[in-house]
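These figures come from a predicted structure and were not determined experimentally. Residue numbers begin at 1 in each chain, while the letters A, B, ... track the order of the sequences.
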Protein chains: 2
Amino acid sequence: MEQSTARRSRGITREQILDVALELFNERGYDKTSLREIAERLGVTKAALYYHFERKEDLLLGLHLRLHALGREILDDLDALEDERQIVAAWPKLLDRFIDEVLANRDLFRFHQRNERALHSLGDNEQHAAENDDLAERFRRFLGNPAIPLADRVRMTCSVTALLGGLMAGEEVYGDDVTMDEVASHVRAVIRDLYPPA
Amino acid sequence: MEQSTARRSRGITREQILDVALELFNERGYDKTSLREIAERLGVTKAALYYHFERKEDLLLGLHLRLHALGREILDDLDALEDERQIVAAWPKLLDRFIDEVLANRDLFRFHQRNERALHSLGDNEQHAAENDDLAERFRRFLGNPAIPLADRVRMTCSVTALLGGLMAGEEVYGDDVTMDEVASHVRAVIRDLYPPA
DNA sequence: GTCTATATTTCGATAGAC
DNA sequence: GTCTATCGAAATATAGAC
């Protein structure tokens with residue numbers, strides 16, 4: 001696990017490229033980030049990147065897959081639930097797991113949040129491999145289910161965005177003297193108020 | 001108040017250009033939207049746009065100012081409050097006003113949400129006229145105030161993002177048979193659970 | 001105030017040497 | 001596996017006629 005500021009050992013890996021791409025996509029956005037910049041930060045040339053990734057879009061896809069691996073389990077569990085009663089009952093526990101995942105992978109979730117449009121346009125090209133598997137897309141389909149009362153669906157939407165909003169605002173917002181663990185415990189308290197124990 | 005699909009009366013106004021820009025920025029994103037597309041939808045040429053806006057970035061600035069006018073009043077009221085006690089007491093009422101504003105201007109808020117990075121990079125060029133006045137930026141500074149307990153600040157963050165998330169997911173998520181008024185009333189219920197009346 | 005035409009820049013992508 | 005060099009496309013922006 002070597003940091004990505006100055007390369008010396010010749011030979012670069014896909015994962016190292018994705019690490020730097022994630023950094024830059026979060027700093028400047030996917031569209032505004034050029035392959036030249038990524039190559040520069042890695043200390044290689046543009047052409048070197050093309051050995052590992054055929055197209056710029058494949059960087060997006062690579063990062064998408066990282067995120068996908070994280071959220072898949074939770075969403076599969078969600079889809080396995082049958083009726084509204086089960087869903088609402090399981091929701092607080094699912095959110096709790098989700099908080100852990102977001103905490104451990106804030107860069108990746110920030111990337112997804114800030115580049116949602118770019119990610120969505122992946123689906124146009126790569127058959128629908130992207131679109132159908134996209135986490136946000138699956139979640140949106142779930143929220144469209146008219147069998148669940150609207151009040152519940154709105155509340156679920158709010159709880160997820162509250163969670164993301166509370167956690168994504170990190171030290172740079174709350175101040176450097178707070179820890180993410182503190183923030184997370186407050187977020188959990190907020191979630192509890194939205195879904196009080198019966 | 002004329003719609004923006006086919007121009008005939010010669011002469012085009014800044015506001016009409018901004019209307020179309022807002023549409024396209026929301027559909028395709030700021031970066032991916034070219035001046036050629038904006039001009040085409042307006043039925044004029046690229047060069048015509050340059051008569052009204054010197055640079056593409058100025059379209060961003062124009063839309064930013066529209067949003068700024070909306071949120072300024074609320075944020076001024078917020079800044080006028082002295083201590084934590086007053087702020088927390090006033091918070092539910094401020095959120096209620098905010099809900100009305102978001103409901104009445106969803107396109108504009110969606111634009112801000114989906115193009116936050118592009119908007120933020122405005123501050124680099126236009127002195128800090130943009131950065132210092134940016135709504136999100138002012139709100140972030142507010143959230144950094146260590147005089148307010150972290151628990152309150154996290155809760156305020158969550159409540160705002162919950163509100164935005166719940167309202168921004170509109171008919172296209174919840175289904176075409178729901179009205180935004182229904183959604184809004186459920187969002188207000190969520191907010192009440194976060195700030196129960198004493 | 002809008003047009004045609006063009007200048008300028010930047011980017012994604014490829015070819016071929018090493 | 002990385003390099004130099006370059007191509008072609010597309011975008012922003014400008015010049016000048018009407």
Residues which pass ring-ring contact (aromatic ring centres under 6.0 Å, His included) with [X], listed by chain and number, not counting sequence neighbours:
{"X": "A:Y174", "value": "none"}
{"X": "B:F111", "value": "none"}
{"X": "A:F109", "value": "A:F98"}

Per the salt bridge (Lys or Arg N to Asp or Glu O under 4.0 Å) rule, what does the pair list look like for residues 145-164 of chain A, sequence neighbours excluded?
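Salt bridge (Lys or Arg N to Asp or Glu O under 4.0 Å) check on residues 145-164 of chain A returns A:R155-B:D193.
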
Could you state the [atom1]-[atom2] distance from [X] to [N], rounded to the nearest angstrom?
{"X": "B:F53", "N": "C:dT2", "atom1": "CZ", "atom2": "C1'", "value": "16 Å"}
{"X": "B:E40", "N": "C:dT2", "atom1": "CD", "atom2": "P", "value": "17 Å"}
{"X": "B:R14", "N": "C:dG1", "atom1": "CZ", "atom2": "C1'", "value": "15 Å"}

Relative to the ring of B:F139, is the ring of B:W91 parallel (under 30°), tilted (30 to 60°) or perpendicular (over 60°)?
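B:W91 and B:F139: parallel rings.
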
Counting only side-chain nitrogens and oxygens, does B:T45 get under 4.0 Å of the OP1 or OP2 atom of C:dC3?
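Indeed, a polar side-chain atom of B:T45 lies that close.
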
Can a side chain N or O of A:Y51 be found less than 4.0 Å away from OP1 or OP2 on D:dT2?
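No, no such contact exists.
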
Report all side-chain donor-acceptor pairs from residues 80-90 of chain B shorter than 3.5 Å, counting only partners two or more places apart or in another chain.
unit_1, atom_1, unit_2, atom_2, d
B:D83, OD1, B:R85, N, 3.4
B:D83, OD1, B:Q86, N, 3.0
B:Q86, OE1, B:E82, N, 2.9

Under 4.0 Å protein heavy-atom contacts per nucleotide of nucleotides 11-18 of chain C, with B for base, S for backbone only and - for none
SBBBB---

